[in-house]
Amino acid sequence: MVNLHKLLDTKPAGVHPTLRDDQLKERASEIHDGYMAKALVKVTSAEENLKLMQETLQDLASQVTIDSNWWIDAIYLFQELELEDLITNKIKTDLEANATVGVVSIVNRFRDLSGLQFLVVRHLDLLKEKRLVVCETIDSLNCEPTDQLIQQCVECHRRDDKPKKTCPFCVADTVFDDYQVLLFAFSNTNKKVNGRELKKQQGTWAMNEVERILRTLLSCCKNVVSDYLVKEGTVHIETLESYRKEYKLLRGMRIALDNRVGALDELLMATTRLRVRHSWEPVDPKITYVIGAGQIEQQWYKLLNDHVFATNELRKKLSQQLYLANLATSAFSKQENGENPEQCPICVAPLGCQWTVLQCGHCFCNECMDIFIQRHSSIGSRKSIKCPTCRSSTYVTEISYISTRLKESDLNDNGVKVKGGHSTKIEAVIKTLLTIQMRQPGAKSIVFSTWTDVLDVIAQGLRDNDVDYRQVQYGGHPQFQSKLMEFKHDEKVTTLLLPVQSGAKGLNVIEATHVLLVEPILNVANELQAIGRVHRIGQTK
């Protein structure tokens, strides 16, 4: 629509205007604004949440003295009271008790309160500096995206699996990482790279060691009854907690801004059209939608080939759809022996258990089709024939061969036959239930699946095969208990279809003796719980 509007604006010769031409631009703007609305709402929401948190930080800053260093005053107080060794040992004990194995701790980087003071002052100064840089970075990103910014993101990480980390958003990630190191604690994680297990430090949302030290100093100040230090320290600890909350909001703001650029890039890709390079434009191999004047004919033939290929694929799918639609209404769908009673249009013999299907949907027996291919196929790299019924062309390689003969594995299923056309998995589930009924008449089974849509398909298959069942979608369903009681006490009802989310826990169904899991359950505990509905106290079979 955008490209059509731009084309009509040039008023090409031979194209007459219509009453709808003036509406194209307006309609395109509506589609653009509707697509961008979701991304813009997320940016606005993140911006409002961040603003509220920063207002909270400003209120906390107004409650303390400017440049308040209460921890330094606390250290001087403890030194005057000759409690330096006691406080130092207490701080080291707390750090060792909460240390992470494999992560270097600062517990061995100080011997007294003077050394501790140096570490704390240096850390908090760096923390303020990095926080300021992060906030300035977010402010610089929170602007109307320019074409240059979008192009930088495209070349960096938007359309490449391996980011180059050169765009402003990737640079912002580096700034966030530097700030995160000073704000949070870290833990060791094991990561496999090329079959080798490597240890990697990963940040957590927990407080770091410097904040833990400040909390210990604050608790010691409460013991020596220093109201001024307790007030200043409490506000400072709340500020550090707010920094951690602010970090999450800053990170969310960065993601929302990046997604906004991504939405604009999606719109740009949707409206970009192939065009000829201007004489003043430099040749850039990365820009694939701009071609030279000498490449027009080559590009034209390429598009023609793509059109032919897509048309053939469409014909193939439409023929399959036509064949399946005819098959569902034909006499074959009512047969149980797998033989197709329809006649071959050439020899007028029944198709039997093996036949061929052309792309037009017409069916022929294999013998006639083999002779027809030998006598009437075209000569060339791709042989084709014309349907004897409708004269539509079909490539020989695209002829479908159908066989309904039972395999040896099917002949060993004690004669169990599944009615209706189903997928391999659904047919296996129904065949298992029918086999259970043949070997143990009246035995009850429970079928679990993570997906309710799969249970709906199985229910259709059970109806086709005259199996009495009950199905419950979720635990809060009004008929949950009534259907469960019918399954337990009605001898004719032999199957219960249950979703894993609501049926794998809290039920006692010892009347059933078989449990079927349609697909593997990701949570092993839920799988054991599902089996436990039957295998529990009171089960006698």
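Position 1 is the first residue of the sequence; numbering continues from there. Hydrogens, waters and symmetry mates play no part in the numbers below; they use all other heavy atoms, side chains included. No experiment lies behind these values; they were computed from the predicted model shown.
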Exercise. Any side-chain heavy-atom pair from E367 and C347 closer than 4.5 angstrom?
Worked result: no
Exercise. Taking only residues two or more places apart in sequence, or in another chain, which ones meet E209 in a side chain to side chain contact (heavy atoms under 4.5 Å, CB included)?
Worked result: L95, S105, I106
Problem set entry | Minimum heavy-atom distance between T394 and C360, given as atom pair plus value | OG1-N, 4.5 Å
Problem set entry | Full working for side-chain contact (heavy atoms from CB on, under 4.5 Å) between L517 and F448 | CA-CA 5 Å; L517 303 176; F448 285 102; 3.7 Å; yes
For this session: Keeping the roles fixed (side chain from K130, backbone from L182), state whether a donor-acceptor pair exists under 3.5 Å.
Result: no
For this session: Measure the CG-OG distance between L358 and S392 for me, rounded to the nearest 0.5 Å.
Result: 7.0 Å
Exercise. For Q354, does its backbone N or O pair with a side-chain atom of S403 as donor and acceptor, under 3.5 Å?
Worked result: no
Exercise. Does any N or O in the side chain of E511 come within less than 3.5 Å of the main-chain N or O of K444, such that one atom is a donor and the other an acceptor?
Worked result: no
Exercise. How long is the span from the CG atom in L351 to the SG atom in C363, to the nearest 0.5 Å?
Worked result: 6.5 Å
Problem set entry | Residues E398 and R315 bridged, charged N to O under 4.0 Å | no
Exercise. Do NZ/NE/NH1/NH2 and the carboxylate oxygens of K51 and E48 come within less than 4.0 Å?
Worked result: no
Exercise. Does the K483 side chain pair with the main chain of Q471, one donor and one acceptor, at a distance under 3.5 Å?
Worked result: yes
Exercise. Looking at side-chain heavy atoms only, is the closest gap between I430 and I426 below 4.5 Å?
Worked result: yes
Problem set entry | L484 and L496: CA distance, side-chain angles, deciding distance, side-chain contact (heavy atoms from CB on, under 4.5 Å) verdict | CA-CA 8 Å; L484 183 61; L496 179 64; 3.9 Å; yes
Side chains of residues 459-466: which donor-acceptor partners sit under 3.5 Å, not counting sequence neighbours?
residue: Q460; atom: OE1; partner: R463; partner atom: NH2; Å: 2.6
residue: Q460; atom: NE2; partner: D464; partner atom: OD1; Å: 3.0
residue: R463; atom: NH1; partner: Y469; partner atom: OH; Å: 2.5
residue: N465; atom: OD1; partner: K419; partner atom: N; Å: 2.7
residue: N465; atom: ND2; partner: K419; partner atom: O; Å: 3.3
residue: N465; atom: ND2; partner: G461; partner atom: O; Å: 2.8

Exercise. Taking atom NZ of K492 and atom CG of D468, what is their separation to the nearest 0.5 Å?
Worked result: 8.0 Å
Exercise. Please walk me through it: do V154 and I150 pass side-chain contact (heavy atoms from CB on, under 4.5 Å)?
Worked result: CA-CA 6 Å; V154 167; I150 297 175; 4.3 Å; yes
Exercise. Where the side chain of Q437 meets the backbone of G442, is there a donor-acceptor pair that is under 3.5 Å apart?
Worked result: yes
For this session: Working to the nearest 0.5 Å, report the span between OH of Y243 and CG of L240.
Result: 7.0 Å
Problem set entry | Euclidean distance, D147 CG relative to L268 CG, rounded to 0.5 Å | 8.0 Å
Seminar exercise, completed: Closest heavy-atom pair, D258 versus R158, reported as atoms and distance to 0.1 Å, is O-NH2, 2.9 Å
For this session: Run the numbers on D173 and K165 for salt bridge (charged side-chain N to carboxylate O under 4.0 Å, His left out), then give the verdict.
Result: CA-CA 9 Å; D173 287 337; K165 297 184 178 181; over 6 Å; no
Problem set entry | Lys/Arg cation over aromatic F176: R251, 6.0 Å, 45° cone | yes
For this session: Please confirm whether the backbone N or O of S45 pairs with a side-chain atom of N49, one donor and one acceptor, at under 3.5 Å?
Result: yes
For this session: Please report the C-alpha distance between I402 and T356 in whole Å, then the side-chain angles of each, then the deciding distance to 0.1 Å, and finally whether the side-chain contact (heavy atoms from CB on, under 4.5 Å) criterion is met.
Result: CA-CA 6 Å; I402 309 298; T356 59; over 6 Å; no
For this session: Among V467, L516, V418, find the one that has a side chain to side chain contact (heavy atoms under 4.5 Å, CB included) with L433.
Result: L516
Exercise. Would you say L149 and P168 make side-chain contact, with heavy atoms under 4.5 Å?
Worked result: yes
Seminar exercise, completed: Nearest heavy-atom contact between I436 and A443 is CG2-CB, 3.9 Å
Exercise. How are the rings of H157 and F169 set relative to one another: parallel (under 30°), tilted (30 to 60°) or perpendicular (over 60°)?
Worked result: perpendicular
Exercise. Do I385 and M369 have side-chain heavy atoms sitting under 4.5 Å apart?
Worked result: yes
For this session: With rounding to the nearest 0.5 Å, note down the distance linking OG1 in T450 to CD in E519.
Result: 4.0 Å
Problem set entry | Non-neighbouring partners of E241 that pass side chain to side chain contact (heavy atoms under 4.5 Å, CB included), sequence neighbours left out | E211, R215, I237, R244
For this session: Please indicate whether N305 has more than 12 foreign heavy atoms, meaning atoms of other residues, nucleotides or ligands, lying under 6.0 Å from its CG.
Result: yes
Problem set entry | K488 atom NZ, over 12 foreign heavy atoms within 6.0 Å | yes
Exercise. Do P350 and P341 have side-chain heavy atoms sitting under 4.5 Å apart?
Worked result: no
Problem set entry | Smallest separation among heavy atoms of P499 and L455, with atom names | N-CD1, 3.6 Å
Exercise. Looking at residues at least two apart in the chain, or sitting in another chain, which of them share a side chain to side chain contact (heavy atoms under 4.5 Å, CB included) with H32?
Worked result: M36, L264, L267
For this session: State, with a plain yes or no, whether a side-chain heavy atom of S449 is found less than 4.5 Å away from one of I458.
Result: no
Exercise. What pairs of residues pass the salt bridge (Lys or Arg N to Asp or Glu O under 4.0 Å) test when at least one of them lies in residues 304-314, not counting sequence neighbours?
Worked result: K302-D306, E313-K316
Exercise. Considering residues at least two apart in sequence or located in another chain, which fulfil the side chain to side chain contact (heavy atoms under 4.5 Å, CB included) criterion with T166?
Worked result: C156, K164
Exercise. Just wondering, do I373 and I399 contact through their side chains at under 4.5 Å, heavy atoms?
Worked result: yes
Exercise. In terms of heavy-atom contacts, does OH of Y301 have more than 12 from other residues, nucleotides or ligands at under 6.0 Å?
Worked result: no
Exercise. Looking at M253 and V43, what are the two nearest heavy atoms and their distance?
Worked result: SD-O, 4.1 Å
For this session: Would you check if W355 and C344 make a side-chain contact, meaning some heavy-atom pair closer than 4.5 Å?
Result: no
Exercise. Under a 4.0 Å N-O cut-off, is there an ion pair linking R470 with E486?
Worked result: yes
Exercise. Any donor and acceptor pair, going by atom type alone, linking the side chain of N142 with main-chain N or O of I138 inside 3.5 Å?
Worked result: no
For this session: Grab the two heavy atoms, one from L40 and one from R260, that are nearest each other, plus how far apart they are.
Result: CD2-CD, 3.7 Å
